[in-house]
Amino acid sequence: MPGYKLAIDGPAGSGKSTISSLIAKKLGWTHIDTGAMYRAVTLLAIEKGINLNDEASYRFLESTYIHYDLDKIFIDNRDVTEAIRSESVTNNVSLVASMPYVRKQLVDLQQKAAKNGNIVMDGRDIGTVVLPHADLKIFLTANVEERAKRRYKENVKKGKEAQISKVIEDIVIRDQKDSTRKESPLKKASDAIELDTTYLTIEQVVNKIIELTDKKESNHGV
Ligand code: DC
């Protein structure tokens, strides 16, 4: 069964993963956080001690099983959900995600995972590259201060040390790297609907997207 494909893209801290996960739970759909997959590759590359700039060193991916399920990410069945949020992973993930070989491996996995059933997939290139024929494409934005505030609160909740100015700096650097890289940069698809979430609550964004999903579904029936 092909199912409904909902693509959600946007910059760091725009709320993509939280919102996608809630939509999936409400609708009983499958959620795939593709950022978590790039983070898992980064974690493994750091653990293996490879030269992160050397594309050929990522061949280990051929014999690695990366898998996202129910808000958890696994490398060869090891749960790395917490480990992928470390500072070293966050600082290096943009570099790893800029490697064409890494992207090709992960995009293949993502397209296979989206083949059957109703899917909400979030990332940077879902509407442009991974699911160019998605039924609905959303591009989430929010101003940098608001995105940093959200990340800061998350960090504090997790007991991580955080400084708002450092969080802003990290987000600006990552936005810049993600949107200027050669390979599949962060970009709004021409047919995506842009939603600025700066002044919206998570629930408002979730409900708005579900409303748009309903509209698209009823259009299909016409
Ligand atoms: O969503 P996130 O912050 O967990 O994503 C981590 C990094 O992965 C982000 O800096 C860019 C990269 N990424 C990507 O290049 N393509 C995707 N589809 C998802 C994430």
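Bear in mind the structure is a predicted one, so any value in this text is a computation, not a measurement.
Here the OG1 atom belonging to T141 is positioned 7.5 Å from the CG atom belonging to L195, to the nearest 0.5 angstrom. Between Q176 atom CD and I171 atom CD1 the span is 14.5 Å, to the nearest 0.5 Å. S165 OG to Y152 OH: the interatomic distance, rounded to the nearest 0.5 Å, is 10.0 Å. Considering NZ of K149 and CD1 of I168, their distance stands at 10.0 Å, rounded to 0.5 Å. Of the inter-residue distances, the one linking I23 atom CD1 with T18 atom OG1 reads 11.0 Å to the nearest 0.5 angstrom. Here NZ of K26 is found 12.0 Å from OG of S21. Values are rounded to the nearest 0.5 Å.
In this pair, Y65 and H67 present their aromatic rings parallel. The plane angle is below 30°, not in the 30 to 60° band.
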Between T34 and V130, does the side-chain contact (heavy atoms from CB on, under 4.5 Å) criterion hold? Intermediate values first, please.
CA-CA 10 Å; T34 62; V130 182; 5.8 Å; no

Could you walk me through whether Y68 and T30 satisfy the side-chain contact (heavy atoms from CB on, under 4.5 Å) test, starting with their C-alpha distance in whole Å, then the side-chain angles of each, then the deciding distance to 0.1 Å, before giving a yes or no?
CA-CA 10 Å; Y68 188 87; T30 300; over 6 Å; no

Would L27 and Y4 count as a side-chain contact (heavy atoms from CB on, under 4.5 Å) here? Give the steps.
CA-CA 11 Å; L27 301 177; Y4 194 102; over 6 Å; no

Report the C-alpha distance between Q110 and R103 in whole Å, list the side-chain angles of each, state the deciding distance to 0.1 Å, and finish with yes or no for side-chain contact (heavy atoms from CB on, under 4.5 Å).
CA-CA 10 Å; Q110 291 154 10; R103 300 205 72 83; over 6 Å; no

Check against salt bridge (Lys or Arg N to Asp or Glu O under 4.0 Å), K112 and D108
CA-CA 6 Å; K112 275 188 199 129; D108 279 355; 5.5 Å; no

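Here the closest non-hydrogen pair linking I19 and S14 is CD1-O, 4.4 Å. In plain terms, the two heavy atoms of D175 and P11 that are nearest each other are OD1-CB, 3.5 Å. The two residues K166 and E87 make their nearest non-hydrogen contact at NZ-OE2, 4.3 Å. The heavy-atom pair separating N118 from G3 by the smallest distance is OD1-CA, 3.4 Å. A189 approaches K137 most closely through the heavy-atom pair CB-CD, 3.9 Å. Nearest heavy atoms, P132 versus T128: CB-O, 4.1 Å.
The backbone N or O of V120 sits nowhere less than 3.5 Å from a side-chain atom of S20 that would complete a donor-acceptor pair. Judged by distance alone, with hydrogens and angles left aside, the side-chain atoms of D33 form no donor-acceptor pair with the main-chain N or O of S17 at under 3.5 Å. Although no hydrogens or angles enter the test, the distance criterion places a donor-acceptor pair under 3.5 Å between the side chain of D135 and the main chain of K5. Judged by distance alone, with hydrogens and angles left aside, the side-chain atoms of R147 form a donor-acceptor pair with the main-chain N or O of A12 at under 3.5 Å.
Side-chain contact, S57 with N51: no donor N or O sits under 3.5 Å from an acceptor N or O.
Using a 4.5 Å cut-off on side-chain heavy atoms (C-beta onward), Y199 and E146 make no contact. With a 4.5 Å cut-off on side-chain heavy atoms, S94 and R181 do not count as touching. Inter-residue side-chain proximity for L44 and R78 is flagged as met; some heavy-atom pair is nearer than 4.5 Å. E47 places a side-chain heavy atom less than 4.5 Å from the side chain of L43. Counting heavy atoms from C-beta on, the side chains of I66 and L61 come closer than 4.5 Å. The closest side-chain heavy-atom distance from V205 to L22 is not below 4.5 Å. Under the 4.5 Å side-chain criterion, counting only non-hydrogen atoms from C-beta, D170 is not in contact with T90. Under the 4.5 Å side-chain criterion, counting only non-hydrogen atoms from C-beta, D125 is not in contact with E183.
Within a 6.0 Å radius of CD in E203, no more than 12 heavy atoms belonging to other residues, nucleotides or ligands are found. Counting non-hydrogen atoms of other residues, nucleotides and ligands closer than 6.0 Å to NZ of K187 gives a total of 12 or fewer. Atom CD1 of I164 has more than 12 heavy atoms from other residues, nucleotides or ligands within 6.0 Å.
A salt bridge does not link K157 with E154: none of the charged nitrogens is closer than 4.0 Å to a carboxylate oxygen. Remark: D71 engages K25 in a salt bridge, criterion side-chain N to carboxylate O under 4.0 Å.
Residues L212 and L131 are members of separate hydrophobic clusters, defined by side-chain heavy-atom contacts under 4.5 angstrom among Ile, Leu, Val, Met, Phe, Trp and Tyr. The cluster map of Ile, Leu, Val, Met, Phe, Trp and Tyr, joined by side-chain heavy atoms under 4.5 Å apart, puts V89 and L106 in the same cluster. Each of Y38 and I8 belongs to its own hydrophobic cluster when Ile, Leu, Val, Met, Phe, Trp and Tyr are linked at side-chain heavy-atom distances under 4.5 angstrom. Cluster membership for Y101 and F60, using ILVMFWY side-chain heavy atoms within less than 4.5 angstrom, is shared. Clustering ILVMFWY residues whenever any of their side-chain heavy atoms sit less than 4.5 angstrom apart, transitively, puts F139 in a cluster other than the one holding I119.
When each of I32, I75, V107, T42 is paired with M37, the side-chain contact (heavy atoms from CB on, under 4.5 Å) condition holds for I32 and for no other.
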